[in-house]
Amino acid sequence: MIEYRNLRIAILGGGSVGAQVVSLLLEHGDELAARAGAGLELVGVAVRDVNARRDVDIPRHLITTDAESLILGADIVVELIGGIEPARSWILLALNSGADVVTANKAVMANHGPELFEAAEQVGAQLYYEAAVGGAIPIIRPLRDSLAGDRVKRILGIVNGTTNYILDRMDVHGDELQDALAEATRLGYAEADPTADIEGFDAAQKAAILASLAFHTAVPLDAVHREGITGVTREQVQAARRAGYVVKLLAICERFTDSTTGIEGVCARVHPALVPLDHPLAAVHGANNAVFVEAEAAGDLMFYGAGAGGVETASAVLGDLVSAARRHVAGGPGVAESNQSNLPVLPMASVMTRYQFTLSVVDEPGVLATIATLFADQGVSVEAVSQSVGSARSGSAPPNLTATLVIVTHQATESALASTVTALAASPVVSHIVSTLRVEGL
Ligand code: HSE
């Protein structure tokens, strides 16, 4: 028996997620109300274009273009329009008027999180954003609540479905990157302009959100090191599989002590990486997402599922909506942003990682020794070397053979590994550097 008054729910945005949230809320409203302990009354859906075609119909009487009036009459505002503005202003308007806010907006959370949390705290409102990272996958609440008693050491995330789909096709079907991207576009995973996905901007926003939450430290988006997948070739992906790896675009958030300064801090980075085939992340196929969390006490955890999609993301949004409604019923200020660790954000150069170098070298006596010395000079320790002999170079008498060397290093700082790349590029025994890829998850 629900005794609390009906809570007025306003939804901003009637796109694929918004329309699904409306549909599920209307269909399962009584069940959700019973879980929340309060009636959930959908008072309106603010859209830009009343007549836009939608996958799921929204009842006409709920639709309005007057978002601001809708916000000011709501107890809980669900923001599903995406992008920075007007989303940021409307979230602030809602929070300042005392409404709780549920958002799926990674861009606004990654760019303006501290400002929004501050506004929420001022009035004792709550900001929920489970759907901003990993779509349907519960990861925000596990990091915020379930792991609040632990210390997260590292997160390795596949948080962009489009790039995972592309890299997976290159691996499983042997596609070139452009062909896999065309297929991702045809299937609706990639936008008409895929830059945000393939250049790693989308994953970087999610990395900033995860790192801030996991390490109780504000990690600004511009501190996230970002590399996309456009430089990854089919040959690299196929060579990776032969060597026992798969190439994934990873969002990596780490807490570590800088080996030079002794300062403990955090770092967030997004780049393609080789992941060993026996790592759980190697089994994440298609457009799925997964977040692998290494915690001091809990050990390794993995959260896996659909990282996008209207109805899947609506699940996370509705979970937040029920949580927000429960808080209204229970009263109290809710959970504030947790940034009390306030650790410094360390530069990418301090990160410890491993590289796999693939080098084309002259196959002559002493070449391996020269290269080994070059690595030693940079303070980089070699873990494994394999060599295959290539074709004879034409025009030489007697012909000089080239060899392909694949060298995997032990852990070293990013700066030492970057210096090694520079030294290899300048070395007369290296014909060219075929590829360098970081190795993660060992
Ligand atoms: N464009 C994102 C992806 C989905 O491909 O995973 C929304 O975050």
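Counting begins at 1 with the first residue of the sequence. Read the numbers this way: they start at 1 and go in the same order the structure lists the ligands and their atoms. Hydrogens, waters and symmetry mates are skipped; everything else that's a heavy atom, side chains included, is used.
For the pair Glu296 and Arg255, the salt-bridge criterion is not met [side-chain N within less than 4.0 Å of a carboxylate O]. Taking the charged nitrogens against the carboxylate oxygens, Asp175 and Arg234 have no contact shorter than 4.0 Å, which rules out a salt bridge. For the pair Glu440 and Lys248, the salt-bridge criterion is not met [side-chain N within less than 4.0 Å of a carboxylate O].
Counted within 6.0 Å of CD on Glu191, heavy atoms from surrounding residues, nucleotides or ligands total 12 or fewer; the atom is thus considered open.
In summary, the side chains of Asn160 and Thr163 do present a donor paired with an acceptor at a separation below 3.5 Å, with no hydrogens or angles considered.
A heavy-atom cutoff of 4.0 Å around ligand 1 is satisfied by the protein residues Lys106, Asn160, Gly161, Thr162, Asp197, Asp202, Lys206, Ala308.
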Exercise for the section: Go through the steps to decide whether Val77 and Val102 satisfy the test side-chain contact (heavy atoms from CB on, under 4.5 Å), and finish with yes or no. Expected result: CA-CA 6 Å; Val77 173; Val102 174; over 6 Å; no
